[in-house]
Student: 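Encoded as structure tokens, here's the structure I'll be asking about.
In listed order, ligands and their atoms are each counted from 1. When reading the values below, keep in mind they use all heavy atoms of this one structure, side chains included, and skip hydrogens, waters and symmetry mates. We number each residue from 1, following the sequence as shown.
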Amino acid sequence: VTWLLDLDGVVWRGVKPIDGSASAIAMLQSAGQQIGFVTNNSTAVFDQMAKLAAMGIEAAPDDLVNGPDALATQLTSGWTVLCVSVNGIRGPLEAKGINVVMVDDVRGSTPPRVDAVAVAIRPENDMRALNLAIRAVLQCGRLFAPSADPLYPVDDGFDIGGGSLTHAVAYATGVEPVFTGKPFLPMTETVKARFDQIEYVVGDQTKSDGGLAKDLAVPFILVQSGVTAPNGRMDRADVPVAHEFPDLATAVKALL
Ligand SMILES: [Mg+2]
């Protein structure tokens with residue numbers, strides 16, 4: 001069977017591993033469980049693999065589904081898409097036949113003519129990037145985002161989440177965003193196509209991770225090692241929490 005694990009707030013916070021997660025994953029693997037990593041993050045799979053490996057976690061690229069994987073399913077081949085994101089968004093979109101324009105490659109304050117805009121978090125998000133996104137959305141009328149998460153857990157607290165950034169662009173333009181990551185259908189379908197016999201979804205956000213579990217009809221394990229702010233967790237009272245634990249290590253000890 002497969003345990004689906006969120007990355008941010010379950011395996012790590014920013015660059016810091018969460019205590020016990022690597023050994024808990026090793027315990028699951030040696031008990032014969034498959035591990036699937038499901039993240040709304042747009043960091044390239046290759047870089048996520050390197051980060052997992054550096055923490056002593058064994059994983060293959062096919063074990064990970066990320067934000068751009070689900071996003072790509074909603075874009076039309078041949079489109080030009082302005083991406084306010086880390087570079088990892090490129091691979092899955094280009095594989096779909098999308099012409100990717102990264103916001104950092106745009107000179108001046110006028111965006112090129114595009115068919116859609118994709119907004120995700122990147123460390124250097126700034127007003128210029130958001131203003132270019134807004135101008136492009138006003139022109140093309142299409143806004144997509146891999147993550148609807150309000151908050152992004154980092155080493156020393158929280159940063160703004162992809163969902164909050166996207167809502168800023170949506171509010172400014174009046175264009176309804178299409179969210180593609182957890183807990184929305186494109187990610188649910190991408191996960192179903194990739195993983196078999198899912199036993200649990202483990203995550204730190206009721207809204208996104210719990211929503212995915214609900215749509216997959218599997219039990220949701222909420223961990224307290226990531227987002228603990230009310231806005232990150234309490235937005236969906238309709239999502240059942242099967243178990244709540246301080247972290248992944250405790251969950252695995254109790255449930256394996
Ligand atoms: Mg998380």
Side-chain angles (χ1 to χ4, degrees), residues 2-22 24-25 35-43 45 47-48 51-52 55 57 59 63-71 85-86 88 120-123 145-166 179-184 186-188 190-191 195 198 200-216 218-236 239 241-252:
T2 305
W3 285 52
L4 292 186
L5 310 182
D6 175 31
L7 286 174
D8 293 298
V10 175
V11 177
W12 55 58
R13 281 186 76 103
V15 295
K16 269 193 176 159
I18 290 169
D19 280 348
S21 287
I25 289 166
I35 308 294
F37 298 98
V38 182
T39 178
N40 284 346
N41 199 299
S42 296
T43 303
V45 172
D47 292 328
Q48 302 278 40
K51 196 170 168 183
L52 287 165
M55 294 178 187
I57 297 166
D63 299 337
L64 189 142
V65 168
N66 70 4
D69 288 329
L71 171 66
S85 168
V86 289
I121 42 170
R122 50 179 213 144
S147 169
D149 297 352
L151 292 170
Y152 179 62
V154 291
D155 319 14
D156 57 352
F158 299 105
D159 283 347
I160 189 166
S164 303
L165 276 178
T166 305
F179 290 108
T180 59
K182 297 175 282 186
F184 298 93
M187 179 59 95
T188 309
T190 305
V191 164
F195 304 110
I198 300 160
Y200 291 112
V201 172
V202 186
D204 64 322
Q205 301 205 35
T206 306
K207 199 174 171 180
S208 50
D209 306 308
L212 173 68
K214 188 182 182 199
D215 290 343
L216 293 169
V218 301
F220 173 51
I221 301 173
L222 177 64
V223 294
Q224 300 154 343
S225 48
V227 170
T228 48
N231 192 39
R233 293 180 46 191
M234 309 295 274
D235 284 354
R236 285 189 60 175
V239 169
V241 175
H243 305 278
E244 183 165 353
F245 292 103
D247 51 30
L248 178 65
T250 324
V252 169

Student: Using a strict threshold of under 4.0 Å (side-chain N to carboxylate O), is an ion pair present between Lys182 and Asp209?
Tutor: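 A salt bridge is present here (some side-chain N lies under 4.0 Å from a carboxylate O).
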Student: Classify the ring geometry of His243 against Tyr200: parallel below 30°, tilted from 30° to 60°, perpendicular beyond 60°.
Tutor: perpendicular
Student: N/O/S atom of Asp149 under 2.8 Å from the Mg ion (ligand 1), yes or no?
Tutor: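 Short answer: no, not a single N, O or S atom is under the cut-off.
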Student: At the Mg ion (ligand 1), what angle lies between atom O of Asp8 and atom OD1 of Asp204, rounded to 10 degrees?
Tutor: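 Vertex the Mg ion (ligand 1), arms to O of Asp8 and OD1 of Asp204: 100°.
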Student: So is Arg13 actually on top of Phe158's ring, under 6.0 Å and inside 45° of the axis?
Tutor: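 Geometry flag: set, cation within 6.0 Å and 45°.
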Student: Hey, is the Mg ion (ligand 1) within less than 2.8 Å of some N/O/S atom on Asp209?
Tutor: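 Not a single backbone or side-chain N, O or S atom of Asp209 is under 2.8 Å from the Mg ion (ligand 1).
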Student: Measuring from the Mg ion (ligand 1), name the closest N, O or S atom belonging to Asp6.
Tutor: OD2
Student: Holding to side-chain hydrogen bond (donor to acceptor under 3.5 Å, both in side chains), I want the full list of residues that pass it with Thr250, two or more places apart in sequence or in another chain.
Tutor: Asp247
